[in-house]
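What follows is a set of notes on a single structure, which appears directly below.
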Amino acid sequence: MGTIHVMEHPLIEHKLTLMRDKRTGTKEFRALLQEVAMLMAYELTRSLPLAEVTIETPVTNAQFRVIAGKTLALVPVLRAGLGMLDGILNLIPAAKVGHVGLYRDHDTLQPVEYYCKLPSNLQERDVIVVDPMLATGGSASAALTVVKRHGAVHPKLMVLVAVPEGIKKIQTDHPDVDIYTAAIDEGLNEKGYIVPGLGDAGDRLYGTF
Ligand code: URA
């Protein structure tokens, strides 16, 4: 079973509280989401493996360590996932980026893929699917299925706010996936919004109310 990591840090909590406040406008919301995503990426990359290399300083040859192993691929789920992308890229500028677009079919209520463009050789990369709100878990689960279909092995899921319903869905559909979140909220209301949540992340990011 995948692990759920709640990334507790005073800065993350403070910024998330500002984002939850309905008086926070689009410009500030967008900046805060990037900042939180960067802090979360800092925490998430804490466990990346290091390898020894020998380098020549201006004074002598010596051994030091650099990040080893697989290169990262970030896969934001359109459109709200884009709001976290630049924050992560600030820390990991060499990461490759793929995009997955999903919409919810009105009749079946199931996520339908309408766009997919992913880096090559996903099986050789550490893949992180990024989507701020883990609500029912339908689109995050579908995005994880897409990246696995393209070769991703044990992808990770980075969200901002999760609820138990969404966590359960991911753990059922993708027991190999670790989830990284800034908070676990109470649950979903009758309209599918996270409570207390922060509203529709895409609308708040792009001002589409
Ligand atoms: N998606 C959002 O953007 N917000 C929610 O509360 C639930 C799903």
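Just follow the structure's listing: the first ligand is 1, and inside any ligand the first atom is 1. Numbers for residues simply follow the sequence, beginning at 1.
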Self-check item: Test item: side-chain donor near acceptor, Thr54 and Asn61, under 3.5 Å
Solution: no

Quiz item: Members other than Tyr193 in its cluster, when Ile, Leu, Val, Met, Phe, Trp, Tyr link by side-chain heavy atoms under 4.5 Å?
Solution: none

Under 3.5 Å, N/O to N/O: give me all the pairs between ligand 1 and the protein, one per line with atom names and distance.
residue	atom	partner	partner atom	Å
ligand 1	3 (O)	Ala201	N	2.8
ligand 1	4 (N)	Gly199	O	2.7
ligand 1	6 (O)	Ile194	N	2.8
ligand 1	6 (O)	Gly199	O	3.4

Quiz item: Does a donor on one side chain and an acceptor on the other come within less than 3.5 Å for Thr136 and Arg104?
Solution: no

Quiz item: Are side-chain heavy atoms of Ile184 and Ile4 found at a separation under 4.5 Å?
Solution: yes

Quiz item: Taking the six-membered ring for Trp, are His5 and Tyr180 parallel (under 30°), tilted (30 to 60°) or perpendicular (over 60°)?
Solution: parallel

Quiz item: Does one side chain, of His174 or Lys148, offer a donor that lies under 3.5 Å from an acceptor on the other?
Solution: yes

